[in-house]
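Just so it is clear: chains get the letters A, B, ... in the order the sequence lines come, proteins before strands, and each one is counted from 1. FYI, side chains are in, hydrogens and waters are out, and symmetry mates aren't considered; it's all heavy atoms of this structure.
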Amino acid sequence: MALRLYNTMSSQVEEFVPLRDREVRMYACGPTVYGYGHIGNFRTFIAVDMLQRFLRQSGYSVHYVMNITDVDDKIIRNAAQDGVSVQQYTAKFEKAFVEDAAMIGIEQPTLVRATEHITQMADFVARLVKKDIAYRTEDGSYYFRIASFPQYGKLSKKDFGGMLDGARVDLDEYDKDSARDFALWKAPKPGEAFWDTSIGPGRPGWHLECSVMSMEELGETFDLHAGGEDLVFPHHENEIAQSESLTGKTFARFWFHVRFLLVEGEKMSKSLGNFYTLRDLVLKGHKPSSIRYLLTSVPYRNQLNFTFDGLKQAAVSVERLRNFQQRLSTGTFPSGSNPAMQSLAKDAGDRMKTSLEDDLNTAQAQAAIFEMVRSANSALDASEIKQDDVPALLTALEKFDEIFAVLKDDDGAKMKAVFDWASSEGREKDISAELREAVQSGRFSEAEIEKKIAEMETARRGRNFKVSDALRSELTGAGIVIENTKDGVRWRRK
RNA sequence: GGCGCGGUACCCAAGUGGUAAGGGAGAGGUCUGCAAAACCUUUAUGCGUCGGUUCGAUUCCGACCCGCGCCUCCA
C-alpha cells in the first residue's frame with residue numbers, strides 16, 4: 001500500500017507519488033499576520049503538519065515551505081490604527097504565530113515572507129506583461145488577463161465561459177479589461193506603504209506571493225500545495241493561472257484542502273461570539289495537547305465540530321494514552337517475550353499506517369492505538385507482559401505520537417508561557433481560575449514531590465493513614481496524582 | 001441560482017453490499033485501607049425521511065427534509 005490522497009484538482013483520491021524519488025516538495029499557504037491565530041487556522045496547519053510528519057515517517061525527505069503574508073490591506077489598516085509601522089506590526093504577530101504553532105505541536109516549515117520577495121514579484125509581473133498576459137492600468141496597477149488562460153476555473157470547477165468577454169463590467173473596477181481579472185500589483189494609495197520597483201511603485205496583490213515564493217523554493221512544478229478550503233477559489237485558482245501561463249508547466253501536482261471547522265455547531269465568527277484564538281483557549285485553562293488531539297481526531301476533509309465538551313473528552317483520551325505509556329515505562333516485567341503482545345504491537349502499527357495511508361484517516365489510526373492500549377492494559381492486569389514486549393508496545397505508541405504529537409507532557413510549561421504573556425500584556429483579567437490552577441500545580445519541584453511521597457509511604461507502611469491521606473490530598477490539591485501500584489508509587493501532574 | 005460536503009447511539013466520531021470501529025459520558029461489577037489507574041459487562045435489530053435496485057442496503061440509485069461550505073483577498 002502507498003499513500004493515497006484526495007486531490008482537489010481531480011476531485012478524487014489518488015496515489016501520491018512525488019516527482020522525485022524519495023523527496024516531497026510541498027507548500028502551504030500560511031497566515032496573514034494581522035492578529036493571533038485562531039483554532040480554525042490551526043486545524044488547517046495541524047492537518048498539513050500531520051501530512052508532513054507522515055511523509056517523513058514513511059521515509060521521504062520533505063521540503064515544506066510556508067509563506068507569511070506580511071503585507072495586505074488589513075495589515076496596513078491595523079498598523080495605522082495602532083500607530084506602528086507595518087514591520088513592527090507584522091513582526092509581533094509573526095512571532096506569536098511561530099510560538100503558537102510550536103505550542104500546538106507543529107513542526108516548523110521553512111518560512112518565507114512576502115515582503116522579502118518584492119523584487120522577484122515585480123519581475124514576475126514584468127514577465128507576464130511581456131507575454132501580454134498581464135496589463136497595466138492607468139493608475140499603475142497590474143492585472144492578470146483571465147481571458148488569456150482558457151483553463152481558468154479548473155481547480156474550483158467553475159465555468160467562466162460567459163463571463164470573460166467583459167459583458168458584466170463592474171463599475172468600481174473602471175479600467176480592468178474584464179471584471180474577473182485580478183490584481184497582481186496594486187498602485188500605492190495616499191499614505192500607504194509601497195515599494196519602488198522595476199514595474200513602478202506599489203505593493204503585491206495577495207496571490208502573487210505564493211506563486212513567486214513556492215516556485216523559487218520548490219521549482220516550477222512541485223508535488224503538493226495545501227491550504228484551507230476557502231482558498232480553492234479565488235486564491236489557488238489565481239496562483240495556477242499566473243504560474244502556469246508563465247511557465248507553461250503544471251504548477252502543483254496535488255492540491256490538498258482542509259475543511260473548515262465549526263465551533264459549537266456554527267461557523268466560527270466574531271459576531272457569533274464563538275471565535276477563539278489558540279491563546280484564548282489556553283487562557284481558559286485548556287491544555288495544548290487536548291486542543292491538538294481534538295483537532296487531529298477528525299479526518300481533515302470532514303467537518304469538525306469544535307466544542308468545549310469535546311475538548312474535555314479529548315483531554316481524558318490523551319490522559320488514557322499517557323497513563324498507559326507511564327504504566328509500561330515504570331513497571332517491572334519478567335524476562336522473555338509474549339508472542340501475543342508482539343503481534344498486538346505489530347498489528348496496531350500496521351493498522352495505523354494503513355489508516356493514514358488512506359487519505360490520512362486519523363480517526364481510524366486513533367482507534368487502532370486505543371485497541372492496542374485496551375488489550376495491553378488487560379495483559380498488564382493479568383501479568384502477561386514480558387520484558388521484551390515493552391519496547392515493542394512503546395514503539396507503537398511512539399510511532400503514533402510521531403504523527404499526533406500529544407503524549408509529551410509539556411503542557412504545564414506551555415501554559416505557563418501563556419500565563420506569563422497575558423500578565424506581561426496586562427491581560428490578567430483574561431486568565432481563568434483554571435489556568436491559574438494549572439500553572440500553580442507546578443509549584444512543587446520533583447524533589448519535593450518525591451520527598452512527600454517517601455513520607456507518605458512511610459506513613460502507609462506504618463498504617464498511619466491519617467498522615468498519608470493528608471499528604472495525598474495536599475498533592476492532589478496541587479494537581480499531582482499519586483498512584484500506589486504493585487511496583488511502587490507512580491505520580492504525574494494532572 | 002452554480003459547484004461541493006454532510007445528517008450513524010446521551011456526546012464526539014470511523015466504517016462496510018451481508019446485518020455497526022474507537023473515544024467520552026452513564027449504569028453495574030472486579031481490584032483496592034483511602035485514592036488513582038486498569039479491566040469486565042451494559043447503552044443503535046439501528047445508521048435523516050420516503051421510495052427503488054438487490055437474495056440482502058446504513059452502505060448503490062432517485063426524490064424530499066435538515067445542516068454546512070465556496071461562489072466578495074475568512075485557514
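Going from atom CG of Leu360(A) over to atom C1' of rG15(B) covers 17 Å, rounded to whole Å. In this structure, CG of Leu294(A) is placed 12 Å from P of rA14(B), rounded to the nearest angstrom. Atom-to-atom, CD of Glu371(A) to P of rA14(B) comes out at 16 Å; the value is rounded to the nearest Å.
An aromatic stacking contact links Phe465(A) with the base of rG33(B), defined here by ring centres under 5.5 Å apart and ring planes under 30° from parallel.
Listed candidates were rA14(B), rA21(B), rC40(B). Nearest to the side chain of Arg374(A) is rC40(B). Of the candidate nucleotides rA38(B), rG69(B), rC71(B), rG69(B) has the atom lying nearest to any side-chain atom of Phe260(A). With rC70(B), rG23(B), rA37(B) as the choices, the nucleotide that has an atom nearest any side-chain atom of Phe370(A) turns out to be rG23(B). Comparing rA75(B), rA38(B), rG33(B) by their closest approach to the side chain of Asn377(A) singles out rA38(B). Between rA38(B), rC70(B), rG22(B), one nucleotide has an atom nearer to the side chain of Lys267(A) than all others, and that is rC70(B). Of the candidates rA13(B), rC34(B), rA75(B), rA75(B) carries the atom nearest the Met268(A) side chain, counting heavy atoms from C-beta on. Taking every side-chain heavy atom of Arg180(A) into account, rU72(B) is the closest of rA75(B), rU72(B), rC34(B).
Between His225(A) and Phe254(A), the distance separating the two ring centers is not shorter than 6.0 angstrom. Within the 6.0 Å centre-distance limit, the rings of His257(A) and His236(A) are counted as a close aromatic pair.
With both ends at atom C1', the span from rG26(B) to rA44(B) equals 16 Å, rounded to whole Å. Taking atom C1' on both nucleotides, rC74(B) is separated from rC68(B) by 15 Å, rounded to a whole Å. Across rG67(B) and rU49(B), the matching C1' atoms stand 15 Å from one another, rounded to whole Å. The same atom, P, is picked in rG23(B) and in rC40(B); the two are 10 Å apart, to the nearest Å. Taking the P atom of each, rG7(B) and rA13(B) are spaced 10 Å apart, rounded to whole Å. Using atom P as the reference point in both rC47(B) and rU58(B), the two lie 6 Å apart (nearest Å). Comparing rC60(B) with rG18(B), their C1' atoms are spaced 14 Å from each other, to the whole Å.
Between the CD atom of Glu457(A) and the CD atom of Glu450(A) there is a distance of 11.5 Å, given to the nearest 0.5 Å. Taken to the nearest 0.5 Å, the CD atom of Gln325(A) stands 10.5 Å off from the OG1 atom of Thr330(A).
The ring-ring contact (aromatic ring centres under 6.0 Å, His included) test applied to His38(A) returns Phe275(A), not counting sequence neighbours. With sequence neighbours excluded, the residues that form a side-chain contact (heavy atoms from CB on, under 4.5 Å) with Ser297(A) are Tyr293(A), Leu294(A), Gln366(A). Under the side-chain contact (heavy atoms from CB on, under 4.5 Å) criterion, Asp350(A) pairs with Lys346(A), not counting sequence neighbours. Every residue was checked against the ring-ring contact (aromatic ring centres under 6.0 Å, His included) condition with Phe333(A), not counting sequence neighbours, and none meets it. For Trp206(A), the ring-ring contact (aromatic ring centres under 6.0 Å, His included) partners at least two apart in sequence or on another chain are His235(A).
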Report all side-chain donor-acceptor pairs from residues 27-37 of chain A shorter than 3.5 Å, counting only partners two or more places apart or in another chain.
residue  : atom : partner  : partner atom : Å
Tyr27(A) : OH   : Asn67(A) : OD1          : 3.4

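A ring pair (Phe, Tyr, Trp, His ring centres under 6.0 Å) with Tyr300(A) is found for exactly one of Phe260(A), Tyr6(A), Phe256(A), namely Phe256(A).
Nucleotides of RNA chain B nearest to Trp206(A) and Val373(A) differ in position, and the one nearer the 5' end is that of Val373(A). Along RNA chain B, the nucleotide nearest Ile482(A) and the nucleotide nearest Lys486(A) are compared for position; the residue whose nucleotide lies closer to the 5' end is Lys486(A).
For the contact set between residues 449-457 of chain A and RNA chain B, defined by any heavy atom under 4.0 Å, there are no members. Using a 4.0 Å cut-off on heavy atoms, the residues of residues 44-51 of chain A that approach RNA chain B are Thr44(A), listed by number. Against RNA chain B, the stretch residues 304-323 of chain A makes heavy-atom approaches under 4.0 Å through Asn305(A), Asp309(A), Gln313(A), Val316(A), Ser317(A), Arg320(A), Asn323(A).
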Its dot-bracket string being built from Watson-Crick and G-U pairs below 3.5 Å, with | for another strand and [ ] for crossing, RNA chain B has the pattern (((((((..(((.........)))((((((.......))))))....(((((.......))))))))))))....

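A side-chain donor from one of Arg492(A) and Asn323(A) sits under 3.5 Å from a side-chain acceptor of the other. Side-chain atoms of Thr277(A) and Asp280(A) form a donor-acceptor pair, as typed in the model, at a separation below 3.5 Å.
Within the nucleic acid shown, Leu261(A) comes within 4.0 Å of at least one base atom, counting heavy atoms only. Nucleic acid contact class of Ser355(A) (heavy atoms, under 4.0 Å, all strands): none. Using a 4.0 Å heavy-atom cutoff across all strands shown, Pro299(A) reaches sugar-phosphate atoms only and no base atom. At a threshold of 4.0 angstrom between heavy atoms, the contacts of His38(A) include nucleobase atoms, whether or not backbone atoms are also involved. When heavy atoms are screened at a 4.0 angstrom cut-off, Val481(A) is found touching the sugar-phosphate backbone but no base atom.
Side-chain atoms of Glu237(A) come within 3.5 Å of backbone atoms of Lys154(A) as a donor-acceptor pair (strictly under, hydrogens ignored). Between the side chain of Asn361(A) and the backbone N or O of Leu356(A), no donor-acceptor pair lies under 3.5 Å.
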Enumerate all atom pairs, one protein N or O and one N or O from nucleotides 3-8 of chain B, separated by less than 3.5 Å.
residue : atom : partner   : partner atom : Å
rC5(B)  : O2'  : Arg259(A) : NH1          : 2.9

Tell me, with the steps shown, if Arg351(A) and Met372(A) meet side chain to side chain contact (heavy atoms under 4.5 Å, CB included).
CA-CA 10 Å; Arg351(A) 211 185 130 198; Met372(A) 182 191 88; over 6 Å; no

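For residues 396-406 of chain A, the set of pairs meeting the side-chain hydrogen bond (donor to acceptor under 3.5 Å, both in side chains) definition, not counting sequence neighbours, comprises Gln57(A)-Glu402(A).
Between the side chain of Arg472(A) and the base of rA35(B), at least one donor-acceptor pair of N or O atoms lies under 3.5 Å.
By the 30° and 60° cut-offs, the orientation of the rings of Phe404(A) relative to Phe400(A) is parallel.
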